[in-house]
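Right, one structure below, let's go through it.
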2 protein chains.
Amino acid sequence: MSALRITAVTVTPVALKDPPLLNSSGVHEPFALRSIVEVHTDAGISGISEAYGDDATLALLHRAGSNLTGVDVFDLNELSRRVAVAVSGIAASAPTELIGAASGDKTVAQAVAAFEVACFDVQGKATGRRVVDLLGGAVRERVDFSAYLFYKWAEHPGAPGGAGYWDGEADAWGAALDPDGIVKQARRMVELYGFRSLKLKGGVFAPEEEIEAVRALRREFPDRPVRLDPNANWTVETSLRVAEALAGELEYLEDPTPGIPGMAEVAAKTSLPLATNMCVTGFAEIPEAVRLGAVQVILSDHHFWGGFRATHALAGICQTFGLGLSMHSNTHLGISLAAMAQIAAATPNLTYALDTHTPWKWESEDVVLGGGLAFVDGAVTLPGGPGLGVELDRDAVARLHEQYVTCGVRRRDDVGWMRRVDPEWTGERPRF
Amino acid sequence: MSALRITAVTVTPVALKDPPLLNSSGVHEPFALRSIVEVHTDAGISGISEAYGDDATLALLHRAGSNLTGVDVFDLNELSRRVAVAVSGIAASAPTELIGAASGDKTVAQAVAAFEVACFDVQGKATGRRVVDLLGGAVRERVDFSAYLFYKWAEHPGAPGGAGYWDGEADAWGAALDPDGIVKQARRMVELYGFRSLKLKGGVFAPEEEIEAVRALRREFPDRPVRLDPNANWTVETSLRVAEALAGELEYLEDPTPGIPGMAEVAAKTSLPLATNMCVTGFAEIPEAVRLGAVQVILSDHHFWGGFRATHALAGICQTFGLGLSMHSNTHLGISLAAMAQIAAATPNLTYALDTHTPWKWESEDVVLGGGLAFVDGAVTLPGGPGLGVELDRDAVARLHEQYVTCGVRRRDDVGWMRRVDPEWTGERPRF
């Protein structure tokens, strides 16, 4: 095989409808942004991937992408080098504060990831191999995901039909603002997708209410592990109070409190495993976390850790230092779902069910043909085709791009939308 | 591409002449053992690799290899799983005590490595890609090696022409038993190969003599970094005395003293970076070494760390925890040389010149066509061909296999050969 050199990259921002999901920052806006990345090569083969879609990420991807012409899609080290050179002048920024502090390394990692995944897709198509095969082979053909439960309103605050809103159409899920609402949501989600583990996004209401919600979930689904993620919205003291209340009830407690030292304080006094995708979201943060024993599980996410190879580097570290490995999700479409499944299937020690926002997506809204991989019993089966195994639905991309153009949202701002309800809202943590 | 399934594996032991190189265990015997591993597939493509050749390793490779039929050469996770299952009953053993304590994990890693490298060779041949491309791309097309200097005798003790000896023929290097001899050896090696960094195998004579040898090398080659490796033959006190004497003179000091706690004691009191391929030779040993700050450089070696992917996992750990990464060598042939160059070229943070025993090999003795990659200015240029880029010379394999059959050596025993000179010799460390 001769070189497969990149001739051009395309970055297409899209917007998808997003329900009013509540978290410690505020509330999801009516639209979430993603970008569809295409890498074109001189062999006529193109690869795809999916990234964040906010203005800063788009600028990053355009700048990085403009420096990739001529790179062989197998030369991922050169890809990383080119990206690092191209974005060295860009100010570090994170697409959401919910994945930790921004850094120059993380900014590079984010751009590398977007293009690396597309290069693996090309590699797979060129060799007739699934991405999972190029990553060392599938240790499982079915990848388990967890039901990602959210407190939510029935509708976004603000006038339906108003600017940036979806013409009065409510999402299919209704409100969930107490334990009963969460259990009802979980029932529906388990019924529709078959998830065999549950995750509750917390940090929204008083911890006692969220403890009750977890207990209600445990009563309703005694055989399903439950995780709770308050997104660093608790003090150390509150975290310890909740940890004591829920010891034995949770699979893990995710980011109860901000920062590695705070997490370490909590970890020292509870038997409950602590997980994170906030205080350790880049390699530079690992040594301190290991030294202080701050976390027991790290949530990978190829989108911001730097791609598939970086995810394997993280997996090697977790294996070596006795840390568990799980996977984080932001709002995403079907390309990311396929990418998450491919890398997870190639990672033996990724033993937790993956997070996914898929159920919160309108079924009619995806960018891949067929609407994305299907869930059966809470798992997706790896597609048999080469590369990522999913193909772009160009009509759908055009539709969601048009929605991007008209929706007006250009960066994720859960804090700002919450201010429509509570003008004093700051989203500052910890609140409890 | 359809699956490339393993149909059979071949393991051929070979023996090569080995000069009387001295180390802390004793002296190299007149023959060193290697094994040539071939992985055959249903596509008619075979891949090669090279491993240790002692009886225990041969038993390990035969047992592991017998369980690989049907494995897709891309499915390296399945390869690892099959190897682990096959060798679970084998007692842990290390091919030499100079690479640290044996463990079950390391035994598995050694067998995985032997077959994984051959699978990558098949992958490369099937896709028309160099192994370095399949490992993420070449960050350098030329890979630097260091001159591996040894104290040595002119001839092996024992009657030339006697059992297990090579008919009275001496090696081309003569004796090196003092600073002058080492400098003379270095001059010749640099002249022949162009090496731009130097490594002295120490732990043989009194530390003061070895300090003088390093100083003599520094005077003779002021622009070439020098390393010293006494193979854990010094106490903590001796190590600190040498470290003080050679601070500023050495690129790093390798395994001055046995064990992680001892190394940590030395590391705490010297600014000289400490390197190891003895106290950290498997992933399980890394956490303690990191916690205690015992080493600043880890020597990789795909042969015992578990192959190319494991080497990348190690590289990720070194990068993350601020450790340097170098590469260890045992006596080897041209397949291993190519493999070492391929993985090194794909590893950005492998910034030290690699160790190699190539100069100690008779030029007439290799198992690859053309006699192995050539050194120019101390570096080998990655071959352009697919896979590892080297091909078996089957006549040479047959010759060296015949030599294996007749030489009688079946396991490396530097201690035993030294006893011919000193019947009281035990090889116990630390001796100084």
Side-chain angles (χ1 to χ4, degrees), chain A residues 1-4 71-81 84 116 119 123-130 132-140 282-291 293 306-323 345-349 386, chain B residues 1-4 71-81 84 116 119 123-130 132-140 282-291 293 306-323 345-349 386:
Chain A
M1 189 189 307
S2 55
L4 282 162
V71 175
D72 180 345
V73 295
F74 279 86
D75 197 351
L76 303 170
N77 286 320
E78 174 67 3
L79 173 78
S80 297
R81 197 189 67 76
E116 188 232 48
C119 285
Q123 289 185 20
K125 288 170 178 169
T127 58
R129 285 280 174 174
R130 304 185 297 180
V132 71
D133 296 330
L134 302 176
L135 294 171
V139 292
R140 50 191 84 91
F283 291 94
E285 292 155 343
I286 293 176
E288 186 190 7
V290 165
R291 186 166 50 81
F308 293 151
R309 300 202 317 145
T311 300
H312 270 173
L314 173 63
I317 290 168
C318 287
Q319 178 79 27
T320 300
F321 287 88
L323 300 172
T347 309
N349 60 324
Chain B
M1 187 191 306
S2 55
L4 282 161
V71 174
D72 179 347
V73 295
F74 279 87
D75 196 351
L76 303 170
N77 286 320
E78 175 67 4
L79 174 78
S80 299
R81 196 188 67 76
E116 189 231 47
C119 285
Q123 288 186 20
K125 288 171 179 167
T127 59
R129 286 279 173 176
R130 304 184 299 180
V132 70
D133 296 330
L134 302 176
L135 294 171
V139 292
R140 49 191 85 91
F283 291 95
E285 291 155 344
I286 293 176
E288 185 190 9
V290 165
R291 186 166 50 82
F308 293 152
R309 301 202 315 147
T311 301
H312 271 174
L314 173 63
I317 290 169
C318 288
Q319 179 79 27
T320 300
F321 287 88
L323 300 172
T347 310
N349 60 323

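Chain letters run A, B, ... following the sequence lines, proteins first, then strands; residues in each count from 1. It should be emphasised that the depicted structure is a prediction, and the values quoted were computed from it without experimental measurement.
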Quick check on Ala138(B) against chain A: is it the side chain, the backbone, both or neither that has a heavy atom closer than 4.5 Å?
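For Ala138(B), the backbone is the part near chain A, not the side chain.
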If I measure from the heavy atoms of chain A, does Pro348(B) come under 4.5 Å with its side chain, its backbone, both, or neither?
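Pro348(B) touches chain A through side-chain heavy atoms alone.
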Counting only non-hydrogen atoms closer than 4.5 Å, does Arg291(A) touch chain B with its backbone (N, CA, C, O), its side chain (CB onward), both, or neither?
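It is neither, since no heavy atom gets under 4.5 Å.
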Given that the side chain runs from C-beta out, which part of Leu79(A) has a heavy atom under 4.5 Å from chain B: side chain, backbone, both or neither?
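Neither part.
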Flag the one option from Pro287(B), Gly316(B), Ala284(B) with the top tally of heavy-atom pairs under 4.5 Å to chain A.
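Counting heavy-atom pairs under 4.5 Å, the top option is Pro287(B).
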Between atom [atom1] of [X] and atom [atom2] of [Y], what is the distance when rounded to the nearest 0.5 Å?
X: Thr320(B); Y: Ile317(A); atom1: OG1; atom2: CD1; answer: 3.5 Å
X: Arg129(B); Y: Phe74(A); atom1: CZ; atom2: CZ; answer: 4.5 Å
X: Leu134(B); Y: Gln123(A); atom1: CG; atom2: CD; answer: 8.0 Å

Restricting to side chain to side chain donor-acceptor pair (under 3.5 Å), what partner residues turn up for Thr311(A), sequence neighbours left out?
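Residues passing side chain to side chain donor-acceptor pair (under 3.5 Å) with Thr311(A): none at all.
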So which of Cys119(A), Gly136(A), Ala313(A) has the largest heavy-atom pair count under 4.5 angstrom toward chain B?
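Answer, by heavy-atom pair count under 4.5 Å with chain B: Gly136(A).
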With heavy-atom distances below 4.5 Å as the criterion, would you say the side chains of Val290(A) and Val290(B) are in contact?
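Val290(A) does not reach Val290(B) side chain to side chain.
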